[in-house]
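Sequence positions, counted from 1, serve as the residue numbers for this chain.
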Amino acid sequence: MMKASVKGKYDGDKSTGVGSLAFNAGDLKLRATMTDATFVAGPTLNGLSLAVEKPGFFIVEYNVPKKDVRFQFMNTVRVAEKPLNLTYIHSRGDNRTIVDGSLLIDSSNKLSVNHMVGTNNCKLKYSYAHGRIATFEPCYDFAKNAWDFAVSRRVYGDDVLKATYQTSSKLLGMEWSRASKSTGSFKVCASVNLAEEVKTPKLTAETTWNLEM
């Protein structure tokens, strides 16, 4: 089975597009991703990446124009009978390594940490889910020595409203999203910097269409 997806994004006066094709080869999934840069000036290798994935275990992605390889490995271990999901990501081009872990304490509580190796970039996030209706997520950024907060609530079935606030930049955001396996998804975001004298909202919109062949 082959799956195709097309994503369009509008950001102020700029619009971009990304398309991908994926199909299964036994336990592996092969994927090709292209951006609008691949076709704007005629077919080129700009914006083209190729990936091999074994879901739940690893992803190897090759950026064709940059000749860069990105490795991602996933594993799950148990700590005090609780599942700990671990992810290791390494980009060869910029020699950057990220380690991510999330501990599912129970169905309502989750603790996550994200760290860039060799730097002080580290984030610790706690997530509390109130049933399947609302989620509260405080996050501490060690590099900025500041808190970020996010609150989301499910409305009208697949629709989710989310509010975010970054204390370091005083950036307030609102997001409306919908995810559907059959009809695709969309996301509309509005943000405003409360530290600016003229508080002009910034609007972005994304939509994704999925097709199975």
Side-chain angles (χ1 to χ4, degrees), residues 1-11 14-78 83-104 110 112-119 121 123 125 127 157-160 162 175 177-189 204-213:
M1 178 182 295
M2 181 178 292
K3 295 183 179 180
S5 69
V6 178
K7 176 186 287 186
K9 181 177 181 179
Y10 173 78
D11 186 354
K14 181 176 64 176
S15 59
T16 57
V18 177
S20 68
L21 289 173
F23 61 92
N24 296 326
D27 292 337
L28 301 178
K29 180 182 294 185
L30 308 180
R31 184 176 71 250
T33 304
M34 298 147 283
T35 69
D36 49 2
T38 312
F39 303 101
V40 166
T44 67
L45 297 179
N46 293 330
L48 175 64
S49 65
L50 307 173
V52 179
E53 175 184 358
K54 186 173 183 179
F57 291 92
F58 68 82
I59 302 173
V60 179
E61 186 173 5
Y62 180 66
N63 188 308
V64 177
K66 294 182 179 180
K67 298 181 181 179
D68 186 19
V69 181
R70 177 178 176 270
F71 302 92
Q72 179 173 328
F73 300 96
M74 299 84 79
N75 194 15
T76 300
V77 297
R78 302 194 74 83
L84 174 63
N85 299 316
L86 300 171
T87 303
Y88 172 90
I89 303 172
H90 178 73
S91 298
R92 192 182 67 176
D94 53 10
N95 195 27
R96 182 175 61 179
T97 301
I98 296 174
V99 179
D100 186 274
S102 62
L103 179 65
L104 186 63
K110 183 171 69 173
S112 306
V113 62
N114 180 279
H115 174 59
M116 183 182 297
V117 177
T119 72
N121 290 339
K123 293 183 178 181
K125 181 170 69 174
S127 177
D158 293 329
D159 291 28
V160 176
K162 184 177 182 179
E175 177 185 302
S177 63
R178 176 186 298 169
S180 172
K181 292 183 178 180
S182 58
T183 60
S185 60
F186 73 82
K187 181 168 63 176
V188 179
C189 303
T204 62
E206 293 182 14
T207 184
T208 303
W209 297 271
N210 299 316
L211 177 64
E212 292 186 358
M213 296 176 283

Are the side chains of Glu212 and Met2 in contact, using a 4.5 Å heavy-atom criterion?
no

Can you list every side-chain hydrogen bond (donor to acceptor under 3.5 Å, both in side chains) pair that touches residues 47-62, not counting sequence neighbours?
Arg31-Glu53, Ser49-Glu61

Is any side-chain heavy atom of Asn114 closer than 4.5 Å to one of Ile98?
yes

What side-chain donor-acceptor pairs closer than 3.5 Å can you find for residues 20-29, not counting sequence neighbours?
unit_1, atom_1, unit_2, atom_2, d
Ser20, OG, Ser5, OG, 2.7

Enter the distance from Lys9:NZ to Lys187:NZ here, rounded to the nearest 0.5 Å.
7.5 Å

Minimum side-chain heavy-atom gap Phe73-Asn75 below 4.5 Å
no

List the atom of Asn46, the atom of Thr35, and the distance in Å for their closest heavy-atom pair.
O-OG1, 4.3 Å

Which heavy atom in Pro83 sits nearest to a heavy atom in Thr76, and how many Å separate them?
CB-CG2, 4.2 Å

Note: Lys67 and Arg92 closest approach over all heavy atoms is O-NH2, 3.5 Å

Approximate separation, where rounding is to 0.5 Å, of Asn63 CG and Leu48 CG
8.0 Å

Determine whether Val6 and Val18 make a side-chain contact, defined as any pair of heavy atoms from C-beta on separated by less than 4.5 Å.
no

Asn121 backbone acceptor or donor facing Thr119 side chain under 3.5 Å
yes

Can you tell if the side chain of Thr97 reaches within under 4.5 Å of the side chain of Met116, non-hydrogen atoms only?
no

Sole residue of Ile89, Val60, Asp100 in side chain to side chain contact (heavy atoms under 4.5 Å, CB included) with Gln72:
Ile89

Please identify each residue that fulfils side chain to side chain donor-acceptor pair (under 3.5 Å) with Ser102, with sequence neighbours left out.
none

Determine whether Arg96 and His90 make a side-chain contact, defined as any pair of heavy atoms from C-beta on separated by less than 4.5 Å.
no

Looking at Asp158 and Arg178, is there a salt bridge between them, counting it only when a charged N and a carboxylate O are closer than 4.0 Å?
no

As a quick check of understanding, evaluate side chain to side chain contact (heavy atoms under 4.5 Å, CB included) for Ile59 and Val52, giving each step before the final call.
CA-CA 6 Å; Ile59 302 173; Val52 179; over 6 Å; no

